[in-house]
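Lettering of chains follows the sequences in order, A, B, ..., and the numbering in each one begins at 1.
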Amino acid sequence: MELFSIQVKNIIKQIPVGKVATYGQIASMAGNYRAARQVVRLLHSSSQKDNLPWHRVINKKGEISLPPGCGFEEQKHLLQQEGVIFGKKNRINLERFLWQPVD
DNA sequence: AACCTGACTTCGG
DNA sequence: TCCGAAGCCAGGT
């Protein structure tokens, strides 16, 4: 397993409740700003296995990437439980909910 | 090793 | 903001 993949998983685990992160952002923090797609693979491969908060990962438009009936409902529900607000088009206000670690 | 795939992103119009 | 096209990456076959 590449170090990058390890990092991605660690980072996702650090996303605080009530916040969200984009694929690209995570990839960037893990070392490869272009590996957004790889982040997706990781979620597929070990989100369940490693107990990762996969629902806190969304695309850059601030919306859920999952197609309806394939996890979309669940993800939206989980986020709402954590206090994340959705707009008219199921969009999240990134200015307000995007995870911005200070470090 | 080549080829395919995916919950992406950026750019131009 | 929306649409299409082109990039980009690691894993699995």
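Map A:Arg34 and A:Leu42 each onto its nearest nucleotide of DNA chain C; the residue landing nearer the 5' end is A:Arg34.
Of all the residues in residues 21-32 of chain A, A:Thr22, A:Tyr23, A:Gly24 reach under 4.0 Å from DNA chain B with at least one non-hydrogen atom.
At whole-Å resolution of the value, CD in A:Gln38 and C1' in B:dC8 are 12 Å apart.
Judged by distance alone, with hydrogens and angles left aside, the side-chain atoms of A:Glu73 form no donor-acceptor pair with the main-chain N or O of A:Gly69 at under 3.5 Å. Remark: the backbone N or O of A:Lys61 is paired with a side-chain donor or acceptor of A:Asn59 at under 3.5 angstrom.
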Show me the donor-acceptor pairs within less than 3.5 Å that the side chains of residues 19-35 of chain A make with the rest of the protein, sequence neighbours left out.
unit_1  : atom_1 : unit_2  : atom_2 : d
A:Lys19 : NZ     : A:Arg96 : O      : 3.2
A:Thr22 : OG1    : A:Gln25 : N      : 3.0
A:Gln25 : OE1    : A:Thr22 : N      : 3.2
A:Gln25 : NE2    : A:Trp99 : O      : 2.7

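Across every non-hydrogen atom of A:Pro53 and A:Lys13, the tightest pair is CD-CA, 4.2 Å. The minimum heavy-atom distance linking A:Ser47 with A:Trp54 is given by the pair CB-CB, 4.0 Å.
For A:Ser65, taking side-chain heavy atoms from C-beta onward, the closest of the listed nucleotides B:dT9, B:dC8, B:dG6 is B:dC8.
A:Ile85 and A:Ile15 fall within a single hydrophobic cluster, where Ile, Leu, Val, Met, Phe, Trp and Tyr side chains are chained together by heavy-atom contacts under 4.5 Å.
The footprint of chain A on DNA chain C, defined by a heavy-atom cutoff below 4.0 Å, extends from C:dT1 to C:dG11.
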Derivation and outcome, side-chain contact (heavy atoms from CB on, under 4.5 Å), residues A:Arg56 and A:Val84: CA-CA 10 Å; A:Arg56 306 214 185 104; A:Val84 177; over 6 Å; no
Test side-chain contact (heavy atoms from CB on, under 4.5 Å) applied to A:Asn90 and A:Glu63, step by step: CA-CA 6 Å; A:Asn90 285 314; A:Glu63 54 186 15; 5.6 Å; no
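For B:dT5, the base has a donor-acceptor partner in the side chain of A:Arg41 [N/O atoms by modelled type, under 3.5 angstrom].
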